[in-house]
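Worksheet: one structure, shown below.
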Amino acid sequence: MSSDKQKFVDRLTNKVVELMEENGKSTEGLGGDTRLFETKLLNSVTLLEVVEYIENELDLEIPEKYLTIQYYEDINTMVSCFWGLKYEQA
């Protein structure tokens with residue numbers, strides 16, 4: 001994994017942790033494959049914040065077809081989808 005991609009993973013993870021803590025959720029055991037919405041660690045309101053964060057971080061306007069929960073289920077999915085959308089499919 002490139003160092004830039006790893007930095008994005010780290011910053012996105014920090015943002016998810018911040019949102020969880022703001023909503024009184026425990027971050028214990030959080031990993032790249034932790035199911036964030038299925039386990040109610042994040043919700044529809046925090047999803048909007050995640051979308052905005054990813055758009056700002058990657059200087060990317062997320063296409064409408066990517067505004068469904070399946071692309072935000074866990075950190076690994078978000079990174080694969082949006083890093084790929086920005087850099088690997090350009």
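This structure is a prediction, so every number in the text was calculated from the model and none was measured.
Listed here is the closest heavy atom pair of Glu38 and Glu73: N-OE1, 3.9 Å. Residues Ile54 and Ile62 come closest through the heavy atom pair CG2-CD1, 4.0 Å.
Contact annotation: the side chain of Tyr87 approaches that of Leu58 to within less than 4.5 Å [non-hydrogen atoms, C-beta and beyond]. With a 4.5 Å cut-off on side-chain heavy atoms, Met78 and Tyr71 do not count as touching. Side-chain contact between Pro63 and Leu85 is present, with heavy atoms from C-beta onward closer than 4.5 Å. For the pair Asp74/Thr34, no side-chain contact is recorded, criterion being any heavy-atom separation below 4.5 Å from C-beta on.
Once rounded to the nearest 0.5 Å, the distance linking CG of Leu42 with NZ of Lys40 reads 12.0 Å. Atom OH in Tyr72 sits 7.0 Å away from atom SG in Cys81 (nearest 0.5 Å). Separating the CZ atom in Phe8 from the CZ atom in Phe82 is a distance of 8.5 Å, to the nearest 0.5 Å. To the nearest 0.5 Å, atom CG of residue Asn43 and atom CG of residue Leu36 are 11.0 Å apart. Taking CG of Leu67 as the reference point, atom NZ of Lys65 lies at 11.5 Å (rounded to 0.5 Å). Arg11 CZ to Glu57 CD: the interatomic distance, rounded to the nearest 0.5 Å, is 4.0 Å.
Around CD of Gln70, the count of heavy atoms belonging to other residues, nucleotides or ligands within 6.0 Å exceeds 12. Within 6.0 Å of CD on Glu22 lie more than 12 heavy atoms contributed by other residues, nucleotides or ligands.
If you chain together hydrophobic residues whose side chains sit under 4.5 Å apart, Tyr66 and Leu48 never meet in one group.
Checked against Val16 for a side-chain contact (heavy atoms from CB on, under 4.5 Å), the options Leu41, Thr27, Ile75 give a single hit: Ile75.
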Would Asp10 and Thr13 satisfy side chain to side chain donor-acceptor pair (under 3.5 Å), going step by step from the backbone distance to the final call? CA-CA 5 Å; Asp10 294 343; Thr13 300; 5.6 Å; no
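With hydrogens and angles left out, the side-chain atoms of Asn14 and Glu18 include no donor and acceptor closer than 3.5 Å.
Between the side chain of Lys86 and the backbone N or O of Leu60 there is no donor-acceptor pair closer than 3.5 Å.
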